[in-house]
Chemist: 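Sharing a structure, written as structure tokens. Questions coming.
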Amino acid sequence: MANTQAMCTSFLGEVLTATHNFGTAPVRAATTADTFKAALYLTSATINASTTAYSATNEVSGTGYSAGGVTVTNATAPAATNTSTTAGTAYWTPSASITYTTVTLTTAFDSVLIYNSSQSNKAVSVHTFGSQTITAGTFTLTMPTNDTSTALLRIATT
């Protein structure tokens with residue numbers, strides 16, 4: 001078993017049906033942007049592009065950590081660009097780092113699942129990092145710059 005960084009395949013199809021709303025000015029019937037969450041997973045888990053929804057199976061547990069993870073700060077609207085020299089790219093990054101405060105997680109973990117808790121906990125993406133443990137501390141996932149080459153989520157045409 002191993003966790004693999006990927007945009008979830010189910011998410012790619014759901015983008016075309018407007019299932020997920022990262023924006024602040026929605027185009028579907030919802031009046032607000034969806035709520036996205038970030039859950040941490042053990043190194044022994046198997047979450048990857050085939051993951052379709054959040055599950056508590058193999059999620060970390062410990063003092064100060066709540067099942068389901070934390071809410072992702074989503075004040076950045078998605079953007080898209082297209083220039084004469086590059087194909088179009090849509091991109092989005094949370095507006096703040098993802099932080100788990102005052103936690104003790106003694107079993108090794110190495111990945112985070114971003115999922116849409118407003119839409120039946122549908123999976124968005126898996127992000128991996130080096131194996132971690134933490135004792136009575138804060139674990140922070142620093143977000144990349146929100147642009148076409150480094151945003152957390154990027155969908156590009158070829």
Chemist: Would you sort out whether L153 and T93 count as a side chain to side chain contact (heavy atoms under 4.5 Å, CB included), showing the intermediate values?
Modeler: CA-CA 6 Å; L153 296 180; T93 297; over 6 Å; no
Chemist: With a 4.5 Å cut-off on side-chain heavy atoms, are S95 and T73 touching?
Modeler: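 Yes, side chains in contact.
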Chemist: For T71 and K37, which heavy atoms make the closest approach, and how far apart are they?
Modeler: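 Nearest heavy atoms, T71 then K37: OG1-CE, 3.7 Å.
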Chemist: Between S55 and T57, is any side-chain donor less than 3.5 angstrom from a side-chain acceptor?
Modeler: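 S55 vs T57: donor-acceptor pair found between side chains.
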Chemist: Is it true that a side-chain atom of S111 and a backbone atom of H127 form a donor plus acceptor pair closer than 3.5 Å?
Modeler: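 Such a contact is absent between S111 side chain and H127 backbone.
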Chemist: Linking directly or through intermediates, with side-chain heavy atoms under 4.5 Å: list the remaining ILVMFWY members grouped with I47, chain and number order.
Modeler: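 Besides I47, the cluster holds Y41, Y54, L113, Y115, V126.
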Chemist: Checking side chain to side chain contact (heavy atoms under 4.5 Å, CB included) between L105 and each of T133, L40, L42, which is the one that passes?
Modeler: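 Single pass found, and it is L40.
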Chemist: Check whether the side chains of T4 and N48 place a donor and an acceptor atom closer than 3.5 Å, and report yes or no.
Modeler: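 T4 vs N48: no donor-acceptor pair found between side chains.
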Chemist: Treating E59 as the side-chain partner and G68 as the backbone partner, does any N or O pair qualify as donor plus acceptor under 3.5 Å?
Modeler: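 Such a contact is found between E59 side chain and G68 backbone.
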Chemist: Using the side chain to side chain contact (heavy atoms under 4.5 Å, CB included) rule, pick out the option among T135, I134, V60, T138 that qualifies with V103.
Modeler: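 Filter result, single survivor: I134.
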Chemist: Side-chain contact, heavy-atom cut-off 4.5 Å: V70 with Y100?
Modeler: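 In short, these two side chains touch, coming nearer than 4.5 Å.
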Chemist: Keeping Q119 on the side-chain end and S117 on the backbone end, is there a donor-acceptor pair under 3.5 Å?
Modeler: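 Between the backbone of S117 and the side chain of Q119 there is no qualifying donor-acceptor contact (under 3.5 Å).
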Chemist: Using a 4.5 Å cut-off on heavy atoms from C-beta on, say whether the side chain of S44 contacts that of N58.
Modeler: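 SC-SC contact between N58 and S44 confirmed.
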Chemist: Under a single-linkage definition using a 4.5 Å side-chain heavy-atom cutoff for Ile, Leu, Val, Met, Phe, Trp and Tyr, are W92 and L141 assigned to the same hydrophobic cluster?
Modeler: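 Both belong to a single hydrophobic cluster.
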Chemist: So, taking the atom named CG in D34 and the one named CG in N116, what distance separates them when rounded to the nearest 0.5 Å?
Modeler: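 If we round to the nearest 0.5 Å, D34:CG and N116:CG are 4.0 Å apart.
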Chemist: Determine whether the aromatic ring centres of residues F109 and Y65 are separated by less than 6.0 angstrom.
Modeler: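 Centroid separation for Y65 and F109: 6.0 Å or greater.
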Chemist: Looking only at non-hydrogen atoms, find the nearest pair between S97 and M143 and report the distance.
Modeler: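 Smallest heavy-atom distance, with atoms named: OG-N, 3.7 Å.
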Chemist: A side-chain contact here means heavy atoms from C-beta on lying under 4.5 Å apart; do V72 and I98 qualify?
Modeler: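 A side-chain contact exists here, since the closest heavy-atom pair is under 4.5 Å.
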Chemist: Does any N or O in the side chain of S131 come within less than 3.5 Å of the main-chain N or O of A108, such that one atom is a donor and the other an acceptor?
Modeler: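 No, S131 side chain to A108 backbone: no donor-acceptor pair under 3.5 Å.
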Chemist: So, S118 side chain and T35 main chain: donor-acceptor pair closer than 3.5 Å or not?
Modeler: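 A pair under 3.5 Å: yes.
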